[in-house]
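Data block below; observations after.
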Amino acid sequence: MAANGSYPIDRIRGDFPILSEEVHGKPLVYLDNGASAQKPSAVIDQISKTYETGYANVHRGVHYMSQIATDAMEDARRKAQMFLNAADEKEIIFVRGATEGINLVASSWGRANLQEGDEIILSVLEHHSNIVPWQIVAEQTGAVIKVVPIDDAGIFLMDEYEKLLSEKTKMVAVTHVSNALGTIVPVEDVICLAREKDACILLDGCQAAPHLPVDVQALDVDFYVFSGHKLYGPSGIGVLYGKEALLDAMPPYEGGGEMIDRVTFEKTTYAELPFKFEAGTPHISGIIALGSAIDYLNGIGFDAIAEHEHGLLEYATERLTEMNSIEIVGTAPEKAAILSFNIQDVHPHDVGTILDHDGIAVRTGHHCAQPVMDRFDVAATVRASFGLYNTKSEVDALVEGIKRVQEMFA
Ligand code: 7TS
């Protein structure tokens with residue numbers, strides 16, 4: 001149980017059917033939420049309900065079913081708008097996930113705004129999804145990438161960031177929370193300093209949106225992305241938030257149906273926001289069910305979720321710190337829901353395989369954050385990542401599993 005005794009953990013666990021599954025004859029202990037979270041019945045049922053009672057293609061038909069599906073999709077857009085506290089629903093672009101959101105900005109904003117010698121600032125903490133799209137656009141435009149280092153605890157070095165900022169900085173694209181270490185980046189300060197140089201700011205909110213309240217207006221951030229599947233929603237759907245004026249000025253990312261105003265072979269004009277960036281038939285059922293995931297999170301409340309997960313992270317950190325021969329990778333004081341570690345002389349993949357035999361799902365590898373691994377001079381880590389349904393007894397199961405690994409390799 002959480003430190004917060006009133007947290008309705010039993011009811012919450014009951015909302016997730018998969019949590020009563022067994023793996024290798026043991027109860028599933030799902031600690032891979034950073035990769036993808038499990039889905040509550042509210043989300044699963046909404047997917048069936050859409051196909052059973054309210055499905056057709058959207059924004060095209062005058063017929064009843066098309067209207068129902070379109071209304072449900074646009075309702076989900078308003079939910080996403082409220083979730084991020086965006087000023088207008090036009091600023092919510094549905095994308096396949098954070099990866100597509102970042103590629104959209106790098107490609108569309110980047111090609112329109114970057115020139116030779118312009119600088120893009122990233123940090124060592126970035127997931128590959130927030131590195132490679134910028135490398136591609138840097139190659140196309142002649143822009144240069146600068147990287148903010150981290151210290152031995154995994155803390156984003158604000159002083160070094162300040163030194164990198166200059167009149168040449170056109171984009172600062174950093175993660176809100178590190179997927180490999182859990183470090184929460186002080187994004188308010190990052191944004192404040194970038195503003196002084198008139199640089200644009202993109203935050204990768206993949207690992208933040210499921211754990212912390214996000215307010216894009218209070219942050220005054222230009223672009224914010226997250227993936228639905230890490231937010232207890234479906235895979236294949238995510239959100240790109242962008243300030244209206246910026247999105248308006250950006251050229252389309254993909255061309256096709258839905259995103260046009262009028263097409264002739266001589267000239268095509270584009271649809272208004274948000275449709276300009278939503279070419280083709282969208283992931284209709286996924287968008288609607290993402291709305292249900294947002295409702296579900298709001299029903300529990302971020303204060304309660306954050307307190308519960310913080311309690312788990314503290315407890316797990318304490319328990320692993322007490323153990324012999326465990327190195328925790330990433331010890332920043334401000335962390336969210338992620339505990340990366342290594343067991344001395346045991347390969348992380350062996351740890352993951354043995355834990356799996358106990359029904360414990362953790363991630364092992366470089367977590368698509370190889371620069372972080374390089375910084376700590378490790379090839380990989382074991383990563384336990386917590387969600388709103390995890391419990392202290394699951395942390396205990398992890399600790400017992402680690403002890404078994406140590407016994408086997410002793
Ligand atoms: N950014 C961050 C910070 C992430 O953690 C991830 C996925 C992505 C971007 C890409 O998200 P996608 O939904 O578009 O794939 N992170 C992980 C992870 O940590 N383990 O598996 C996927």
Side-chain angles (χ1 to χ4, degrees), residues 30-39 80 93-107 122-136 147-148 150 154 156 172-185 187 190 201-212 214 221 223-241 253 283 286-287 289-290 293 309 313 329-330 332 335-341 348-349 352 361-373 375 378 380-387:
Y30 189 75
L31 300 177
D32 194 18
N33 296 285
S36 200
Q38 300 298 349
K39 320 302 171 198
I93 313 291
F94 288 119
V95 287
R96 288 202 319 274
T99 300
E100 188 180 40
I102 298 168
N103 274 282
L104 191 161
V105 176
S107 168
L122 311 176
S123 86
V124 168
L125 294 171
E126 302 320 311
H127 185 279
H128 298 165
S129 291
N130 197 31
I131 299 175
V132 185
W134 299 111
Q135 289 175 324
I136 292 170
V147 183
V148 181
I150 55 175
F156 179 97
V172 176
V174 294
T175 195
H176 193 168
V177 170
S178 153
N179 73 312
L181 307 177
T183 308
I184 302 176
V185 174
V187 291
V190 170
I201 302 122
L202 175 142
L203 292 182
D204 174 355
C206 249
Q207 300 292 342
H211 308 293
L212 320 166
V214 177
V221 66
F223 300 104
Y224 197 95
V225 297
F226 69 85
S227 292
H229 68 97
K230 297 186 203 280
L231 197 82
Y232 310 96
S235 55
I237 189 68
V239 166
L240 162 66
Y241 159 81
Y253 172 57
H283 184 2
I287 291 171
L290 176 61
E309 292 177 348
L313 182 64
V329 184
K335 280 180 56 171
I338 283 168
L339 187 57
S340 249
F341 61 94
H349 291 289
V362 292
R363 192 83 168 174
T364 62
H366 54 59
H367 317 294
C368 297
Q370 283 179 329
V372 176
M373 300 297 113
R375 171 62 179 78
V378 293
T381 71
V382 183
R383 182 188 69 181
S385 51
F386 303 105

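None of the values given here were measured: they were computed from a predicted structure. Throughout, numbering of the chain's residues begins at 1 and tracks the sequence. Excluded from the calculations below are hydrogen atoms, water molecules and symmetry mates; all remaining heavy atoms, backbone and side chain alike, are included. Numbering of ligands and ligand atoms starts at 1, following listing order.
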Practice prompt. Please could you name the atoms of ligand 1 that T175 approaches to less than 4.0 Å, counting only its heavy atoms?
Written response: 3 (C)
Worksheet item: Relative to the heavy atoms of A35, which atoms of ligand 1 are at a distance of less than 4.0 Å?
Response: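 Checking each atom against A35, I get 18 (C), 20 (N), 21 (O), 22 (C).
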Fill in: Short N or O distance, S227 and ligand 1, threshold 3.5 Å exclusive
yes
Worksheet item: Can you name the nearest heavy-atom pair linking N33 to F386, along with the distance?
Response: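 That closest heavy-atom pairing would be ND2-C, 3.5 Å.
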Worksheet entry | Nearest heavy-atom neighbours spanning A106 and W134 | CA-CZ3, 3.6 Å
Taking [atom] as the reference point, the nearest protein heavy atom with its distance:
| atom | result |
| --- | --- |
| atom 5 (O) of ligand 1 | Q207 NE2, 2.7 Å |
| atom 9 (C) of ligand 1 | D204 OD2, 3.4 Å |
| atom 4 (C) of ligand 1 | H127 CD2, 3.4 Å |
| atom 14 (O) of ligand 1 | T99 OG1, 2.5 Å |
| atom 19 (O) of ligand 1 | R383 NH1, 2.6 Å |

Would [X] count as a contact of ligand 1 if the rule is a heavy atom under 4.0 Å away?
| X | answer |
| --- | --- |
| E126 | no |
| N130 | no |
| H128 | no |
| A98 | yes |
| K230 | yes |

Item to complete: Enter the distance from D204:CG to Y224:OH here, rounded to the nearest 0.5 Å.
Response: 8.0 Å
Worksheet item: Out of curiosity, H176 NE2 to L212 CG, how far, rounded to the nearest 0.5 Å?
Response: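 Interatomic distance, H176 NE2 to L212 CG, rounded to 0.5 Å: 5.5 Å.
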Worksheet item: With distance as the sole criterion, is a donor-acceptor pair present between the side chains of S178 and T183 under 3.5 Å?
Response: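 No donor-acceptor contact under 3.5 Å links the two side chains.
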Fill in: Between H367 and T381: side-chain donor-acceptor atoms closer than 3.5 Å
yes
Worksheet item: Which part of H229 is near ligand 1, with near meaning a heavy atom under 4.0 Å away: side chain, backbone, both or neither?
Response: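 The part of H229 near ligand 1 is the side chain, not the backbone.
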Discussion item. Heavy-atom pairs closer than 4.0 Å: do any link ligand 1 to the side chain of S129, the backbone, both, or neither?
Written reply: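 The answer is the side chain of S129.
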Worksheet item: Run the side-chain contact (heavy atoms from CB on, under 4.5 Å) check on Q38 and Y232 step by step: do they pass?
Response: CA-CA 6 Å; Q38 300 298 349; Y232 310 96; 5.8 Å; no
Practice prompt. Decide yes or no for V225 and Y241: does some side-chain heavy atom of the first lie under 4.5 Å from some side-chain heavy atom of the second?
Written response: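 A side-chain contact is absent here, since even the closest heavy-atom pair is not under 4.5 Å.
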Practice prompt. Would you mind reporting whether V148 and V124 have side-chain heavy atoms less than 4.5 Å apart?
Written response: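 No, their side chains stay 4.5 Å or more apart.
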Item to complete: Just do the side-chain contact (heavy atoms from CB on, under 4.5 Å) check on V362 and R383 with the steps written out, would you?
Response: CA-CA 6 Å; V362 292; R383 182 188 69 181; over 6 Å; no
Discussion item. My understanding is that we take every heavy atom of each candidate and find the minimum distance to atom 8 (C) of ligand 1. Doing that for S36, S178, C206, G34, which one comes out nearest?
Written reply: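 Ranked by closest heavy atom to atom 8 (C) of ligand 1, first place is C206.
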